[in-house]
K.L.:
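Input: one structure, supplied below.
Keep in mind the model is a prediction, meaning the values are calculated, not measured. In what follows, every chain begins at residue 1, and chains take the letters A, B, ... in the order their sequences are listed. Only this structure's heavy atoms are used, side chains among them; waters, hydrogens and symmetry mates stay out.
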Amino acid sequence: MPELPEVETVRRGLAPHVIGRQIATVVVREARLRWPVPASLPADLPGQRILAVDRRGKYLLLRMSGGDTVLVHLGMSGRLRVFDALPAPVKHDHVDWTFVGGGGLRLNDPRRFGAVLHWPQSQTGHALLDHLGPEPFDDAFNGAYLYARSRGKQVATKSFLMDGRTVVGCGNIYAAESLFRARVRPTLPAGKLSLPACERLVVAARAVLRSAIEQGGTTLRDFAGADGLAGYFQQDLRVYGREGQPCRVCGTTLKGQRIGQRASVWCPKCQR
DNA sequence: CTGTTAACCTGAGTGC
DNA sequence: TGCACTCAGGTTAACA
């Protein structure tokens, strides 16, 4: 399940193989993803080259030579892979970008929570990106910002952290891990966070995300990088998926409870 | 405005 | 072996 480190891993794996390639065709076998894949993609992309592969939050941005951008979100189960020669499509191979000279990029997404969208040059912003909060490694994401933004909020700190308007990239796994390392209880109303707690959260989130990126992401069931290899961060998980097991720091039994409809786990002793 | 909930979707896992 | 069921989860839209 791709969160920011997984998407960044895919971006880094993809970029060297696709930058400079010219699109020959866009083949859409199944347009019914999170939103319909726009017909303007197969119509407009052929002939354009991929200039860069950027990332904003969990969105991959293919910058095209015509000035347009292709947005790709992997959702829960999306995989984007490059092939020197595209094999015969298998189940859930929904979209291909074939390259002039052979090979191409292919999206496989069993659950179809992913998205492939067109951001034309003529359009100033994009609705899915405009309201996004800062990148976790940007200076704009800091303790003072988090403190100011959380004032008056009743919502649980975990839900607050996972809200893309607060900061991008903290999905269920990394929010849980960040809260543990910052020693903040996930159920605490965000408005009650102290400034030092906010500062610890920023430091913790960055450390967790950086470590996960270095290890190629967290492989649970669905995720694999652009090279198809597994990530190794799951070995470092301290609370996620460990309900009922002993805290790795103090040995207390980890508590589990749903917060905002998401499975959540924390140490009742370490996180206050 | 804030906060909560349902919806989208398929495969894996579990219990019988 | 197979069936019925639950769960996983990012994001948005709809709702209170």
K.L.:
As a test of reading the structure: which of dC9(B), dA8(C), dG3(B) is closest to the side chain of A263(A), going by heavy atoms?
P.N.:
dA8(C)
K.L.:
Side-chain N or O of K91(A) less than 4.0 angstrom from OP1 or OP2 on dT10(B)?
P.N.:
no
K.L.:
So do the side chains of Y59(A) and L117(A) get within less than 4.5 Å of each other, counting heavy atoms only?
P.N.:
no
K.L.:
From the list dT11(C), dG11(B), dT2(B), which nucleotide is the closest neighbour of the side chain of K153(A)?
P.N.:
dT2(B)
K.L.:
Does H92(A) make a side-chain N or O approach to OP1 or OP2 of dG11(B) shorter than 4.0 Å?
P.N.:
yes
K.L.:
Keeping to residues at least two apart or across chains, list the ring-ring contact (aromatic ring centres under 6.0 Å, His included) pairs with something in residues 134-172 of chain A.
P.N.:
none
K.L.:
Take the protein atom CE of M76(A) and the nucleotide atom P of dA12(B), then report the distance between them rounded to whole Å.
P.N.:
13 Å
K.L.:
Is any side-chain N or O of R262(A) closer than 4.0 Å to OP1 or OP2 of dG10(C)?
P.N.:
yes
K.L.:
Kindly point out which of dT2(B), dA6(B), dG10(C) is positioned nearest to the side chain of F113(A)?
P.N.:
dG10(C)
K.L.:
Taking the side chain of Y59(A) as heavy atoms from C-beta outward, which of dG3(B), dT12(C), dT10(B) is closest to it?
P.N.:
dT12(C)
K.L.:
Does dT10(B) have its OP1 or OP2 closer than 4.0 Å to a side-chain nitrogen or oxygen of R112(A)?
P.N.:
yes
K.L.:
Partners of R12(A) by side chain to side chain donor-acceptor pair (under 3.5 Å), sequence neighbours excluded?
P.N.:
E8(A)
K.L.:
With the side chain of R111(A) defined as its heavy atoms from C-beta on, choose the nearest nucleotide among dG10(C), dA8(C), dG3(B).
P.N.:
dA8(C)
K.L.:
How sharply is the helix from dT2(B)-dA16(C) to dC16(B)-dG2(C) bent, taking the axes over five pairs at either end and rounding to 10 degrees?
P.N.:
50°
K.L.:
Return yes if a side-chain donor-acceptor contact under 3.5 Å exists between K158(A) and N172(A), otherwise no.
P.N.:
yes
K.L.:
Tell me the interatomic distance from M162(A), atom CE, to dT4(B), atom P, rounded to whole angstroms.
P.N.:
14 Å
K.L.:
Who are the side chain to side chain donor-acceptor pair (under 3.5 Å) partners of R29(A), not counting sequence neighbours?
P.N.:
D96(A)
K.L.:
Can you name the residues that form a side chain to side chain donor-acceptor pair (under 3.5 Å) with T98(A), not counting sequence neighbours?
P.N.:
T25(A)
K.L.:
In whole angstrom, what separates E30(A)'s CD from dC9(B)'s P?
P.N.:
10 Å
K.L.:
Can you tell me if the side-chain N/O atoms of R258(A) get under 4.0 Å from OP1 or OP2 in dA8(C)?
P.N.:
yes
K.L.:
By nearest atom, which of the nucleotides dT12(C), dA6(B), dG10(C) is closest to the H131(A) side chain?
P.N.:
dT12(C)
K.L.:
List the residues meeting side chain to side chain donor-acceptor pair (under 3.5 Å) with E30(A), not counting sequence neighbours, and say none if there are none.
P.N.:
R32(A)
